[in-house]
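Notes to accompany the following structure.
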Amino acid sequence: PSEAVMERLRRYLAATARAGLVRPGADPDAVTHLLVAALFSHGLLPPMMPGRFPGGPAASFERCVDLILDGIRPEPEEVSR
């Protein structure tokens, strides 16, 4: 993605942090890099290593995004504050 797309994603993540929708301390820059890295790797690697993507790149990408989101999801008591 272009720098502009990455910056919009970073700003969105920063806004969600300010709104208390992500775990306190979640770094918007780091989360942006993780999401973009997952996107790129799932766009580039499946043709080179199809055995690593038995369910297809979309299913694998979805699992990676789920892991990233689980890592920034606030605990229930953090949301209620």
Side-chain angles (χ1 to χ4, degrees):
S2 70
E3 288 291 323
V5 171
M6 287 186 69
E7 180 57 22
R8 282 194 297 264
L9 178 57
R10 190 203 64 74
R11 283 195 315 257
Y12 174 79
L13 291 165
T16 61
R18 286 190 301 275
L21 300 173
V22 298
R23 160 179 81 69
D27 180 347
D29 291 315
V31 177
T32 298
H33 284 106
L34 287 170
L35 289 168
V36 171
L39 179 64
F40 271 108
S41 67
H42 285 82
L44 297 173
L45 296 178
M48 294 184 275
M49 299 185 285
R52 294 283 185 184
F53 301 87
S60 178
F61 178 69
E62 187 175 321
R63 288 191 307 274
C64 287
V65 170
D66 286 346
L67 284 169
I68 294 166
L69 295 179
D70 285 346
I72 65 171
R73 186 171 291 120
E75 296 297 325
E77 62 274 6
E78 293 170 335
V79 174
S80 62
R81 288 189 228 167

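Sequential numbering from 1 along the given sequence is applied to the chain's residues.
The shortest heavy-atom contact between A26 and I72 is CB-CG2, 3.9 Å.
Interatomic distance, CG of L35 versus CG of L9, reported as 6.0 Å (0.5 Å rounding). The CZ atom of R11 sits 10.5 Å away from atom OG1 of T32, with the distance rounded to the nearest 0.5 Å. Rounded to the nearest 0.5 Å, atoms CG (L67) and CG (L34) are 10.5 Å apart. Between atom OG of residue S41 and atom CE of residue M49 there is a gap of 8.5 Å, rounded to the nearest 0.5 Å.
Applying the ring-ring contact (aromatic ring centres under 6.0 Å, His included) definition to pairs two or more places apart or across chains, those involving residues 43-77 are H42-F53, H42-F61.
In this structure a side-chain-to-backbone donor-acceptor pair under 3.5 Å is present from R23 to G71. Of the possible donor and acceptor atoms, one in the side chain of T16 sits under 3.5 Å from a partner among the backbone N and O of L13.
Ion pairing between a basic and an acidic side chain is recognised when a charged N comes within 4.0 Å of a carboxylate O; R73 and D70 show such pairing.
Under a hydrophobic clustering in which Ile, Leu, Val, Met, Phe, Trp and Tyr are joined whenever their side-chain heavy atoms come within less than 4.5 Å, directly or via other members, V31 and L69 fall into the same cluster. Taking hydrophobic clusters as Ile, Leu, Val, Met, Phe, Trp and Tyr residues chained together by side-chain heavy-atom distances below 4.5 Å, F40 shares a cluster with M6.
For E62, the CD atom sits in a loose shell: 12 or fewer heavy atoms of surrounding residues, nucleotides or ligands are nearer than 6.0 Å.
Listed by chain and residue number, A14, A15 satisfy the side-chain contact (heavy atoms from CB on, under 4.5 Å) test with R18 (two or more places apart in sequence, or in another chain).
Looking at heavy atoms from C-beta onward, D29 lies in side-chain contact with R10 at the 4.5 angstrom threshold.
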